[in-house]
Amino acid sequence: MSWAPSIFLDPWSGRRVPGPASHSISTAAHAAIWIPVPQTASDAMTLNGGGSGAGGSRGGGRERERRRGSTPWGPAPPLHRRSMPVDERDLQAALAPGALTTAEAGTGAQGPRLDWPEGSSDSLSSGGSDSDESIYKVLLLGAPGVGKSALARIFGGIEDGPEAEAAGHTYDRSIMVDGEEAALMVYDIWEQDGGRWLPGHCMAMGDAYVIVYSVTDKDSFEKASELRVQLRRARQTDDVPIILVGNKSDLVRSREVSLDEGRACAVVFDCKFIETSAALHHNVQALFEGVVRQIRLRRDSKEANARRQAGTRRRESLGKKAKRFLGRIVARNSRKMALRAKSKSCHDLSVL
Ligand SMILES: Nc1nc2c(ncn2[C@@H]2O[C@H](COP(=O)(O)OP(=O)(O)OP(=O)(O)O)[C@@H](O)[C@H]2O)c(=O)[nH]1
């Protein structure tokens, strides 16, 4: 008995959605990332390897091994198909003090290349150390407890629980952004003083940085500003994308940092800004897609970016088109408004 799922669990939003055609995740990654949701009892049996057919009993052992816990709509997806922790000893060796001098870090030299582990990811068909130019390294920075790991785990498709404990601190995944696939390696390795990773090395190795604070913790917001200053010093000559992220936006009643404060900080420090809630999976997809767009805008030719933007505009809804059009008129007609438009652009992650 075979069953072709028509409803899937969206790992980004946690919502049930129709089949793969409507997703932005690559087809290659699809099978590994999206969780099929059974619609009927017989679907659920098929999905669970139930039933009395030969297929059901032959693959039963392996199926059982793949099942880890269950969700109300069926079994949890297989472990680590969706993300690949890098061997941390290799990573530490590559980042050891001798591997990159402070001077290099200070002048913005790229960190040492990390070899892509063999057979590491089903989502990166062209993976391999030779091609890691095309893998964008994204570092998460921020004070303790602001939700860096929570965001990284959502990116990696790792659920809380034992799976999360075993997941390591680096996550790779291919995502489709503006009709083109992008491979990201997200590093959740930032530790404060006394941590295993040297801050200088972390600051030297990224193709983009995500500085996270918690909107419920003013100190973490101040820490984010400090980190921005440190980054500017470490990567003076580089134009690396930096995205300031106010996480835990769901905790409305304990908010200590307003949306406007976050925005203003991003304008002052010349970086992009977004508020997220890892708990609600809110804006997490937008964050990582924005990271890709910011890298592309700096790395790729104007023509390539214009082509992508044109494609995106074609796909945009009428409402969005109208909003964009009005925004342009407003910005043109008034200086004051133009200034506002500039500060507004800090949270448009699709423009420079
Ligand atoms: N309500 C809420 N809680 C969150 C959110 N993001 C993370 N948390 C919780 O905040 C706590 C800390 O989250 P982590 O992801 O471990 O934070 P971290 O920045 O990685 O912390 P360190 O590993 O200490 O640097 C955990 O209990 C999370 O469940 C969010 O968006 N909303």
Side-chain angles (χ1 to χ4, degrees), residues 10-15 69 82-83 85-86 88 91-92 95 137-173 184-203 205-206 208-228 230-231 242-259 261-263 265 273-291 347 349:
D10 181 346
W12 292 113
S13 65
R15 275 192 236 114
R82 297 150 299 163
S83 81
V86 169
E88 298 206 352
L91 191 57
Q92 270 182 301
L95 296 175
K137 295 190 286 294
V138 182
L139 266 103
L140 296 172
L141 311 179
V146 294
K148 299 183 294 296
S149 306
L151 291 169
R153 282 200 293 266
I154 292 172
F155 170 80
I158 305 285
E159 285 159 33
D160 286 338
E163 193 182 350
E165 295 301 312
H169 302 282
T170 53
Y171 304 84
D172 75 76
R173 182 163 166 185
L184 288 189
M185 178 78 108
V186 170
Y187 294 84
D188 174 29
I189 56 174
W190 181 253
E191 291 185 44
Q192 310 307 305
D193 305 333
R196 286 168 299 162
W197 311 100
L198 292 176
H201 292 150
C202 288
M203 292 207 171
M205 65 181 280
Y209 293 87
V210 173
I211 302 181
V212 188
Y213 67 89
S214 162
V215 299
T216 64
D217 177 2
K218 194 94 183 176
D219 290 345
S220 73
F221 182 55
E222 274 150 28
K223 180 72 189 169
S225 303
E226 272 173 43
L227 286 167
R228 174 68 188 95
Q230 274 174 265
L231 250 182
I242 298 171
I243 290 115
L244 181 67
V245 176
N247 189 41
K248 306 198 187 182
S249 62
D250 56 293
L251 298 177
V252 180
R253 283 202 275 180
S254 34
R255 189 186 265 274
E256 290 181 3
V257 185
S258 71
L259 184 68
E261 282 175 298
R263 236 176 238 171
C265 180
F273 173 69
I274 191 168
E275 278 199 353
T276 57
S277 165
L280 301 180
H281 288 214
H282 176 64
N283 267 349
V284 181
Q285 181 176 1
L287 165 64
F288 288 104
E289 288 183 356
V291 167
H347 65 261
L349 272 56

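Not measured: the values here are computed from a predicted model. Just so you know, ligand 1 is whichever comes first in the structure, and atom 1 is the first atom listed for that ligand.
- Across Pro144, Ala143, Ser149, heavy-atom proximity to atom 23 (O) of ligand 1 is greatest for Ser149.
- Ring-plane geometry between Phe273 and Tyr213 is classed as parallel, the angle between the planes falling under 30 degrees on a 0 to 90 degree scale with a further cut at 60.
- Near Ser277, meaning under 4.0 Å from any of its heavy atoms, are these atoms of ligand 1: 31 (O).
- Remark: the Thr276 side chain and the Asn247 side chain contain an N/O donor-acceptor pair separated by less than 3.5 Å.
- Taken to the nearest 0.5 Å, the CD1 atom of Ile154 stands 12.0 Å off from the NE2 atom of His282.
- When ring centroids are compared, Phe155 and Tyr171 stay outside the 6.0 Å threshold.
- Heavy atoms from both the backbone and the side chain of Val146 come within less than 4.0 Å of ligand 1.
- Put simply, no part of Gly142 is less than 4.0 Å from ligand 1, judged by heavy atoms.
- With atom 11 (C) of ligand 1 as the reference point, the heavy atom nearest to it among Lys148, Glu275, Lys248 is part of Lys248.
- Near Ala150, with a cut-off below 4.0 Å to any heavy atom, the atoms of ligand 1 are 6 (N), 7 (C), 15 (O).
- Proximity to Leu251 (heavy-atom distance under 4.0 Å) selects the following atoms of ligand 1: 1 (N).
- Side chain of Lys148 to main chain of Ala143: a donor-acceptor pair is present (N/O by atom type, distance under 3.5 Å, no hydrogens or angles).
- Polar contact check, Asp250 against ligand 1: a nitrogen or oxygen pair lies under 3.5 Å apart.
- For Asn247, a nitrogen or oxygen atom sits less than 3.5 Å from a nitrogen or oxygen atom of ligand 1, counting backbone and side chain alike.
- Annotation for ligand 1: atoms under 4.0 Å from non-hydrogen atoms of Ala278 are 6 (N), 30 (C), 31 (O).
- Rounded to the nearest 0.5 angstrom, Thr216 OG1 and Glu256 CD are separated by 6.5 Å.
- Ion pair Lys218/Glu261 flagged as a salt bridge, since at least one NZ, NE, NH1 or NH2 atom sits closer than 4.0 Å to an Asp/Glu carboxylate oxygen.
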